[in-house]
Amino acid sequence: MSSEQFEALALLMRLRQSPSREALRMVLCDGKSVKEAEALTGLAMQGIYRLQASARRVVALAQTVSSDAA
């Protein structure tokens, strides 16, 4: 995922500057593993996995809206 795409996703998810946002960015943009993001941010792996699941739901909903608009 590009930085621009991540910024749009973060806005849709209403993620403010926080360790959660940073962990998700590390995983989605930087290619870090959840374990690496956990070590760097101090968040629990379970929380990062939940963020990823939320991100997948938001992306799927955005794709639905986008395809319906066409």
Side-chain angles (χ1 to χ4, degrees):
M1 175 177 285
S2 72
S3 294
E4 185 176 277
Q5 289 170 321
F6 179 77
E7 290 304 318
L9 176 63
L11 282 172
L12 288 170
M13 292 178 69
R14 297 183 177 176
L15 290 176
R16 297 182 183 161
Q17 293 297 337
S18 66
S20 295
R21 180 184 169 127
E22 185 61 18
L24 189 60
R25 186 192 62 72
M26 288 177 186
V27 173
L28 296 180
C29 296
D30 300 344
K32 297 212 182 293
S33 69
V34 172
K35 189 140 186 92
E36 289 173 310
E38 174 191 38
L40 292 167
T41 63
L43 292 177
M45 286 176 61
Q46 183 179 15
I48 299 170
Y49 282 122
R50 273 187 265 148
L51 281 169
Q52 282 185 290
S54 292
R56 283 191 292 274
R57 282 191 301 273
V58 169
V59 169
L61 289 170
Q63 287 173 334
T64 300
V65 169
S66 176
S67 66
D68 285 349

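Treat the numbers as computed from the prediction; the structure is a model and nothing was measured.
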- prompt: Side-chain heavy atoms under 4.5 angstrom apart, residues restricted to Ile, Leu, Val, Met, Phe, Trp, Tyr: same cluster for Val27 and Met45?
  reply: yes

- prompt: According to a 4.5 Å side-chain heavy-atom criterion applied to Ile, Leu, Val, Met, Phe, Trp and Tyr, with indirect links allowed, do Met1 and Leu12 form part of one hydrophobic cluster?
  reply: yes

message: Tell me whether Ser20 contacts the main-chain N or O of Ser18 through its side chain, where contact means a donor paired with an acceptor under 3.5 Å.
response: no

Nearest 0.5 angstrom please: [X] [atom1] to [Y] [atom2], how far?
{"X": "Arg56", "Y": "Leu51", "atom1": "CZ", "atom2": "CG", "value": "10.5 Å"}
{"X": "Lys32", "Y": "Leu40", "atom1": "NZ", "atom2": "CG", "value": "6.0 Å"}
{"X": "Asp30", "Y": "Phe6", "atom1": "CG", "atom2": "CZ", "value": "9.5 Å"}
{"X": "Leu24", "Y": "Met13", "atom1": "CG", "atom2": "CE", "value": "5.5 Å"}

statement: Residues at least two apart in sequence or cross-chain that pass side chain to side chain contact (heavy atoms under 4.5 Å, CB included) with Ala60, listed by chain then number, are none

field: Residue list, salt bridge (Lys or Arg N to Asp or Glu O under 4.0 Å) with Glu22, at least two apart or on another chain
entry: Arg25

field: Residue pair Leu9, Leu28: steps toward the side-chain contact (heavy atoms from CB on, under 4.5 Å) verdict
entry: CA-CA 11 Å; Leu9 176 63; Leu28 296 180; 3.8 Å; yes

statement: What one should report as the nearest heavy-atom pair of Cys29 and Ser2 is SG-O, 3.9 Å

field: Pairs involving residues 37-53, ordered by first then second residue, that meet side-chain hydrogen bond (donor to acceptor under 3.5 Å, both in side chains) (sequence neighbours left out)
entry: none

